[in-house]
Amino acid sequence: MRIATFNVNGITARLPVVLNWLEAFRPDIVCLQELKIPQERFPADAFRAAGYGVVWHGQISWNGVAILAKGTEPEELHGALPNDPEDRHSRYLEAEVGGLRIASLYLPNGNPVPSPKFDYKLRWFSRLHEHAASLLASGVPTILAGDFNVMPTALDVYAPERWLDDALFRPEVREAFRRLIAEGWTDAVRTLHPDQRIYTFWKYYRGAFERDAGLRIDHLLLSPSVASRLEAAGVDRGVRGAQRPSDHAPVWIGLTD
DNA sequence: ATGACTGATGGAATCAGA
């Protein structure tokens with residue numbers, strides 16, 4: 001089965017691109033981020049017509065996450081990280097799909113550094129750590145998929161020296177990502193392609209995509225029982241070259257049945 | 001070098017993204 005994550009940068013503007021991609025690649029489960037649409041205006045009918053059950057948490061203007069499942073209804077488990085009731089951002093959604101537990105997450109950007117936004121990013125990361133530990137402890141096969149807004153290593157940045165003070169590449173943020181890996185999560189794309197330059201985001205300006213000046217910030221982290229089924233992983237770069245594309249491309253994994 | 005695009009809101013200019 002194939003599972004993908006895609007930061008769409010606005011589902012209203014991106015619906016044709018997303019529907020074409022679903023039609024062409026027919027992934028079994030899809031995590032979407034940056035819906036940028038209120039809950040009641042999410043185009044659920046378009047996804048149902050394409051053969052996907054869907055759960056989502058929207059928000060006006062910013063954020064917003066969804067989970068699609070081909071031919072079945074995802075069962076929502078958490079509509080937010082469960083350890084801060086004051087946090088109103090729609091950045092985390094967790095559901096069960098056919099015995100798999102899957103989370104669609106959109107980690108805060110955190111720029112500029114330092115700032116309250118960067119503090120919020122670090123706090124959000126530590127809340128994710130706390131929750132991820134309980135997910136691992138449960139033993140349920142789990143995937144954390146989404147836009148982590150972290151380039152884990154210099155191999156994941158076209159020009160690492162220019163990003164040293166950026167919130168996506170600061171040492172404490174990379175360390176937070178490393179801790180997740182150390183605790184037992186598998187970075188699917190990097191595990192199957194240890195030495196390859198692979199990007200998932202290219203900024204819109206300065207011909208970044210044409211120059212391949214990209215970042216790898218969208219990730220699928222696998223719990224051990226899912227990692228043992230990992231057989232393929234990659235990025236659908238062609239989607240970044242579509243008409244009116246997102247600035248991110250879909251990232252996918254293939255699992256044995 | 002923080003600029004350069006793009007999307008959402010609202011109906012222009014501003015915020016936010018990464």
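Since the model is a prediction, treat every value here as computed from it, not as a measurement. The figures that follow rest on heavy atoms only: side chains count, while hydrogens, waters and symmetry mates do not. We name chains A, B, ... by the order of the sequence lines, and we start the count at 1 in each one.
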Using atom P of each nucleotide, how far apart are B/dG11 and B/dC15 to the nearest Å? 15 Å
For the side chain of A/Y106, starting at C-beta, report the closest nucleotide among B/dA8, B/dA1, B/dG17. B/dG17
Separation of B/dA16 C1' from A/F201 CZ (nearest whole Å): 12 Å
Any luck finding a side-chain donor-acceptor pair between A/N7 and A/D218 under 3.5 Å? no
Please report, rounded to the nearest Å, how far the C1' atom of B/dA8 is from the CG atom of A/N7. 15 Å
In whole angstrom, give the distance that lies between atom CH2 of A/W62 and atom P of B/dA16. 5 Å
From B/dT6, B/dT9, B/dA4, pick the nucleotide closest to the side chain of A/Y205? B/dA4
Using modelled atom types and a 3.5 Å cut-off, is there a donor and acceptor pairing between side-chain atoms of A/K203 and backbone atoms of A/A208? no
Can you tell me which nucleotide in B/dG17, B/dA8, B/dC5 comes closest to the side chain of A/T12? B/dA8
Looking only at side chains, do A/H57 and A/Y92 share a donor and an acceptor under 3.5 Å apart? no
Please pick, from B/dA8, B/dA16, B/dG3, the nucleotide with the shortest atom-to-atom distance to any side-chain atom of A/S61. B/dA8
Between B/dG7, B/dT9, B/dG17, which nucleotide has the shortest distance from any of its atoms to the side chain of A/P38? B/dT9
Could you state the atom-to-atom distance from OH of A/Y120 to P of B/dA16 in whole Å? 13 Å
Whole-Å P distance, B/dA4 and B/dT9: 22 Å
Measuring centre to centre across the rings, with the benzene-like ring taken for any Trp, is A/W21 within less than 6.0 Å of A/F6? yes
Is it the case that A/R174 places NZ or CZ above or below the six-membered ring of A/F169, under 6.0 angstrom from the centre and within 45 degrees of the axis? yes
Heavy atoms only, 4.0 Å cut-off, all strands: where does A/D147 land among base, sugar-phosphate and nothing? sugar-phosphate
Just N and O in the side chain of A/R244: are any of them under 4.0 Å from OP1 or OP2 of B/dC5? no
Let me know, please, whether A/L107 or A/L35 comes out on the 5' side of the other along DNA chain B by nearest nucleotide. A/L35
Tell me: CG of A/N9 to C1' of B/dC15, nearest whole Å? 14 Å
Tell me what A/K117 touches on the nucleic acid: a base, only sugar-phosphate, or nothing, going by heavy atoms under 4.0 Å. sugar-phosphate
Sticking with atom C1', work out how far B/dG7 lies from B/dA12, rounded to a whole angstrom. 15 Å
Just how far, in rounded Å, is C1' of B/dG17 from CZ of A/R91? 10 Å
Want to settle it: does A/I11 or A/E34 sit nearer the 5' end of DNA chain B, counting the closest nucleotide to each? A/I11
Could you state the atom-to-atom distance from NE2 of A/H89 to C1' of B/dG17 in whole Å? 13 Å
Within the structure, does a side-chain N or O atom of A/R14 lie under 4.0 Å from either OP1 or OP2 of B/dT6? no
Closest approach to the side chain of A/R41, judged atom by atom: which nucleotide of B/dG7, B/dT9, B/dA1 is it? B/dT9
Just how far, in rounded Å, is C1' of B/dG17 from CD1 of A/I217? 10 Å
Suppose you measure atom P in B/dT14 against the same atom in B/dA1; what distance do you get, rounded to whole Å? 26 Å
For A/Q243, does the CD atom have more than 12 heavy-atom neighbours from other residues, nucleotides or ligands under 6.0 Å away? no
N or O in side chain of A/K36 less than 4.0 angstrom from B/dT6 OP1/OP2: no
Counting any heavy atom closer than 4.0 Å, what does A/N149 reach on the DNA or RNA strands: base, sugar-phosphate only, or nothing? sugar-phosphate
